[in-house]
Amino acid sequence: MRYFITFAYDGTSFHGSQTQPNGNTVQAEMEAAFATILREAIPLTFAGRTDAGVHAEKMVAHFDWSKDLPANLAGRLNNLLPASIAVSHIERVTDEAHARFDATERTYYYRITDRKDPFTYINHTRVAKGLDFEAMNKAAQLLIGKQDFASFCRTHTDVKTTICDVREARWVIENEHEAYFVISADRFLRNMVRAVVGTLFEIGRGRMTEQQMEEVIASHDRCRAGHSAPAEGLSLVEIKYPTNIVIT
């Protein structure tokens, strides 16, 4: 039987979400907790990968288990997991359901602040005042649609295609000090959101024009885009799935 587990994490102290040889990861912590409770190694398949320092307010993974799940498994996992990881719920899905390939849309927020604040530094990137949000929003509209995002993809990755369908891309001003960039798409490439935000920063600072942004997208050349924005401001906030994969 297959299950989806939904959870959140503060990525500050992790070397990314998925298991790697060196450095602690979210997956390693969660699989260790599963093994302690179920007395068996349970591989988790994540809906996607987040880099070191990136957060998730909603991440989904699937796992298989042939027996009845222990009562209150989510609560028992939370008792074992560090404070930086929190499981919200576990639900039965169809045996063919896949946390990564069945996701129809993902949404990220990139949060920024222009002031030093001990309560926001973990999930906001501090930037100087004066960004031109109107110019950044005009440039962000160029991202909408199904197109090649190779200019914003980390080089030397093993992806089969760099085509993504971006459905929303805009800056939202929360108050005089804080704002966030929201971007939704069917899929994202490695480092894509941070590269997009870094390029929009160049536009907001008057170092790049809207026309140059258009040229960057058309070039399919990572070297033409801006530097990647810092990891701490980025959070995965939503993943959507077809409703018919959940078994009620």
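For the side chain to side chain contact (heavy atoms under 4.5 Å, CB included) with Phe152, the lone residue among Thr162, Leu143, Leu189, Val193 that qualifies is Leu143. Considering Ile85, Leu236, Thr6 in turn, Leu236 is the only one that fulfils the side chain to side chain contact (heavy atoms under 4.5 Å, CB included) rule with Met59. For the side chain to side chain contact (heavy atoms under 4.5 Å, CB included) criterion with Leu234, the lone passing option out of Val197, Val54, Thr125 is Val54.
Side chains of Asp51 and Arg154 form a contact here, defined as non-hydrogen atoms less than 4.5 Å apart.
Of the possible polar contacts, one joining the Gln141 side chain to the Ala169 backbone as a donor-acceptor pair under 3.5 Å is found. The main-chain N or O of Val87 is found under 3.5 Å from a side-chain atom of Asn78 such that the two form a donor-acceptor pair.
To the nearest 0.5 Å, atoms CZ (Phe119) and OG1 (Thr113) are separated by 13.5 Å.
Nearest heavy-atom pair across Thr19 and Ala28 is OG1-N, 3.9 Å. Shortest non-hydrogen contact noted between Ala97 and Val93 is CB-CG2, 3.7 Å.
If you look at Tyr110 and Tyr180, their ring centroids are not closer than 6.0 Å.
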Where do Thr36 and Arg76 land on the side-chain hydrogen bond (donor to acceptor under 3.5 Å, both in side chains) test, with the steps shown first? CA-CA 10 Å; Thr36 298; Arg76 293 178 66 183; over 6 Å; no

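The aromatic rings of Trp171 and Phe181 are tilted relative to each other, their planes meeting at an angle between 30° and 60°.
Under 3.5 Å, the side chains of Asn123 and Glu232 contain no donor-acceptor pair of N or O atoms.
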